[in-house]
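Structure first, then comments.
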Amino acid sequence: IKWLKGRNNKEAQEFWQHYLDGYSRMTTLPRLQKTSGLYIDTDINTEVAESTAATFSTKRLHFKINSNGSDSLVKLALSCQVTINTVFQALWGVVMASYNQCTDAVFGITVSGRPTEIKGIERMVGLFINSVPVRIKYSADDTFKNLLTRLQAESTAAHDFHYCSLADIQASTPLRHNLFDQLLVFENYPDPSDVLGESEMGLALNNFDQFEQTNYDLTVEVFAGENIEYEILFNPDAFAEDVVKAIPIHIERAASAVLADENILVSSILILNDQEREFYNRFIIDATETLNINIENSRLNSDNSFDNRRVTTKYASPENDIQEKLAAIWEEVLERTNIGIDDNFFEIGGHSLRATRIVSRIHKVLSAEITLQEFFVKPDIRTIAKLIEVRLKQSSISNEESKPLSSSDSGDISNTKIYQNIPLCPPFEPDYEVSHAQRRLWILDKMEENFTAYNQSAGFLFKGRFNTKLFKE
């Protein structure tokens with residue numbers, strides 16, 4: 001935590017903004033429903049994507065690259081002086097670029113979040129991982145070997161900025177939360193059953209399994225053991241299984257081409273057949289229309305530079321005292337300036353932890369209470385200010401508990417109390433109402449005799465004069 005506090009967040013955000021500069025359309029898969037035949041034979045539209053994203057489930061498909069293919073990919077990595085992770089990232093990026101008929105693809109990867117300059121970081125217990133984007137961009141003259149070399153260099157440069165929050169990275173790009181919708185996870189830890197083998201005591205680990213789930217509709221886990229294996233986790237309510245099952249075929253085509261000639265032009269790698277190319281042509285036509293960003297409503301920063309954090313919302317300045325105070329709170333928490341009252345909190349760098357800080361600051365600065373659920377309904381300053389106005393008017397009428405409120409402008413408002421100080425307990429009461437946590441512990445204590453799981457001992461060192469009599473009383 002001390003190390004993170006010492007990082008230059010502005011420098012990190014500028015790095016990622018420069019790294020992603022010029023990237024304007026998310027590379028993705030068609031969000032289709034399965035029908036008879038290879039692919040669905042209907043037009044693609046936004047309504048399908050929105051309806052499929054409403055539910056989430058996970059399906060897994062496991063694939064293995066044979067020993068000859070795995071050995072050849074490892075030799076390719078050694079020959080080009082890159083890691084096998086870099087090789088697979090390049091193959092994945094080329095396949096995704098082919099699907100989207102472009103030469104510029106971005107997807108997410110997971111990083112360990114364990115900087116080597118921190119002494120003992122490898123022994124620290126905790127989940128430090130982060131998700132950051134990887135960009136696969138190539139020109140007509142780029143060979144696959146050149147792409148690998150450049151990708152390895154970019155990966156090394158990005159390593160110093162892996163600590164940067166994904167929300168901040170997304171907020172610095174025109175696509176914001178639509179930067180990528182797929183995650184590539186490279187698992188480089190050994191299989192415990194291979195490492196342990198059979199112990200001297202005759203014990204052996206003969207069955208090992210793991211389970212992971214992310215919030216992305218498509219996640220690829222790569223396992224680099226004796227043979228390279230990978231598992232595709234996808235949401236069947238978002239992507240057709242036919243489309244996902246075709247991915248390994250296309251990866252194999254790309255791998256075969258680069259293994260035959262590492263100096264092959266990336267643009268000449270044939271991944272799709274004629275039928276597949278026609279299908280993806282229809283997908284791209286629709287995707288270009290639905291994902292095209294309207295920059296006519298964008299605004300300039302104070303130095304006349306383009307503000308790429310907001311390309312769909314016109315700037316609206318605060319109109320009253322409450323909105324001005326809220327804007328100041330948002331600027332403090334988000335560490336940004338020029339925030340408009342219609343800007344969506346989550347599209348300009350906000351996330352759930354920062355939302356908690358916003359709500360807490362509202363309590364302190366404006367003496368008004370709103371819940372996180374209410375904040376999530378429509379997280380912009382204009383809406384939150386209206387909600388606060390209603391709460392403050394109610395509190396001025398009575399100091400009693402507020403009645404259920406309703407406002408068409410503020411979304412669904414739950415029953416809450418006005419913000420007020422917690423009253424002090426009257427002194428010398430023989431009994432006090434127990435809390436929910438105390439009730440839980442009391443029940444656990446009654447369930448088992450001499451229950452000691454929650455017993456804690458502590459020692460205190462008092463310095464100076466100590467009144468033992470008063471302490472006993």
Side-chain angles (χ1 to χ4, degrees), residues 15-17 19-31 49 53 58 61 63 82-112 129-138 142 144 147-148 150-152 154-155 157-159 161-162 164-170 172-188 212-224 228 230-235 238-239 243-244 246-248 250-251 254-255 266 269 271-272 280 283-284 287 291:
F15 169 85
W16 289 111
Q17 186 173 353
Y19 178 73
L20 297 166
D21 184 47
Y23 183 71
S24 59
R25 181 166 63 85
M26 181 173 65
T27 45
T28 183
L29 289 175
R31 293 177 174 267
T58 301
L61 298 176
F63 305 95
V82 300
T83 64
I84 189 64
N85 185 14
T86 300
V87 173
F88 202 91
Q89 287 180 8
L91 290 173
W92 183 264
V94 170
V95 170
M96 288 300 115
S98 178
Y99 289 167
N100 291 266
Q101 297 187 12
C102 65
T103 58
D104 194 1
V106 170
F107 52 88
I109 63 169
T110 57
V111 293
S112 66
I129 62 172
N130 189 24
S131 297
V132 297
V134 167
R135 188 176 189 179
I136 307 296
K137 184 179 181 181
Y138 54 89
D142 271 328
F144 189 75
L147 176 61
L148 288 178
R150 185 170 64 250
L151 181 58
Q152 186 71 43
E154 291 173 346
S155 176
H159 184 271
F161 304 101
H162 281 175
C164 189
S165 164
L166 179 59
D168 289 337
I169 297 174
Q170 292 171 322
S172 65
T173 69
L175 292 177
R176 292 177 288 197
H177 60 283
N178 289 318
L179 182 61
F180 58 83
D181 66 350
Q182 52 194 263
L183 195 66
L184 183 63
V185 183
F186 193 85
E187 306 286 12
N188 57 1
E212 291 188 33
Q213 181 167 321
T214 72
N215 61 313
Y216 293 94
D217 285 327
L218 183 70
T219 301
V220 182
E221 293 181 332
V222 184
F223 306 90
I228 298 175
Y230 60 98
E231 198 167 50
I232 301 179
L233 291 70
F234 70 100
N235 180 4
F239 299 124
V243 174
V244 178
I247 293 176
H250 300 148
I251 291 179
V266 180
I269 299 176
I271 295 175
L272 303 176
Y280 279 100
F283 160 60
I284 291 303
L291 298 179

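Hydrogens, waters and symmetry mates are skipped; everything else that's a heavy atom, side chains included, is used. Nothing fancy with the numbering, it's 1 onward along the sequence. Values in this document were obtained by computation on a predicted structure and should not be read as measured data.
Considering all non-hydrogen atoms of both residues, N130 and H162 come closest at ND2-O, 2.8 Å. The minimum heavy-atom distance between C102 and Y138, with the atom names listed, is O-OH, 3.5 Å. Nearest heavy atom pair, residue V244 against residue F239, reads CG2-CB, 4.0 Å. Across all non-hydrogen atoms, the minimal contact from V106 to L20 is CG2-CD2, 4.2 Å. The shortest heavy-atom contact between A158 and F15 is CA-CZ, 3.5 Å. The minimum heavy-atom distance linking L179 with Y23 is given by the pair O-CE2, 3.8 Å.
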- Output, in order, the C-alpha distance, side-chain angles, deciding distance and verdict of side-chain contact (heavy atoms from CB on, under 4.5 Å) for I136 and F107. CA-CA 9 Å; I136 307 296; F107 52 88; 3.7 Å; yes
- Message: Using the rule given for side-chain contact (heavy atoms from CB on, under 4.5 Å), can you reason through M96 versus Q182, listing the C-alpha separation, both sets of side-chain angles and the distance that settles it, and then say yes or no?
- Response: CA-CA 10 Å; M96 288 300 115; Q182 52 194 263; 3.2 Å; yes
- Message: Before you tell me yes or no, could you show the steps for T86 and F186 under side-chain contact (heavy atoms from CB on, under 4.5 Å), namely the whole-Å CA-CA distance, both residues' side-chain angles and the distance that decides it to 0.1 Å?
- Response: CA-CA 10 Å; T86 300; F186 193 85; over 6 Å; no
- Message: Evaluate L29 against L218 for side-chain contact (heavy atoms from CB on, under 4.5 Å), listing each step before the verdict.
- Response: CA-CA 9 Å; L29 289 175; L218 183 70; 3.6 Å; yes
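With contacts defined as side-chain heavy-atom distances shorter than 4.5 Å, the pair Q152/L148 does not qualify. Q89 places none of its side-chain heavy atoms less than 4.5 Å from the side chain of V82. Side-chain atoms of L91 and V94, non-hydrogen and from C-beta on, never get closer than 4.5 Å to each other. Using a 4.5 Å heavy-atom cutoff, the side chains of L233 and E221 are in contact.
Atom CH2 of residue W16 and atom OG of residue S172 lie 10.0 Å apart, to the nearest 0.5 angstrom. One finds the CD atom of E231 at 8.5 Å from the CG atom of L61 (value rounded to the nearest 0.5 Å). Atom OH of Y230 is separated from atom CH2 of W92 by 8.0 Å, given to the nearest 0.5 angstrom. Separating the CD1 atom in I247 from the CD1 atom in I271 is a distance of 11.5 Å, to the nearest 0.5 Å. Atoms CG and OG1, from L151 and T83 in turn, are 8.0 Å apart once rounded to the nearest 0.5 Å. How far CG of L183 is from CG of N215: 8.0 Å, rounded to the nearest 0.5 Å.
By the 30° and 60° cut-offs, the orientation of the rings of H250 relative to Y99 is perpendicular.
Taking the six-membered ring for Trp and the full ring otherwise, the centers of F161 and Y19 sit at least 6.0 Å from each other.
Side-chain atoms of R25 come within 3.5 Å of backbone N or O of N100 as a donor-acceptor pair.
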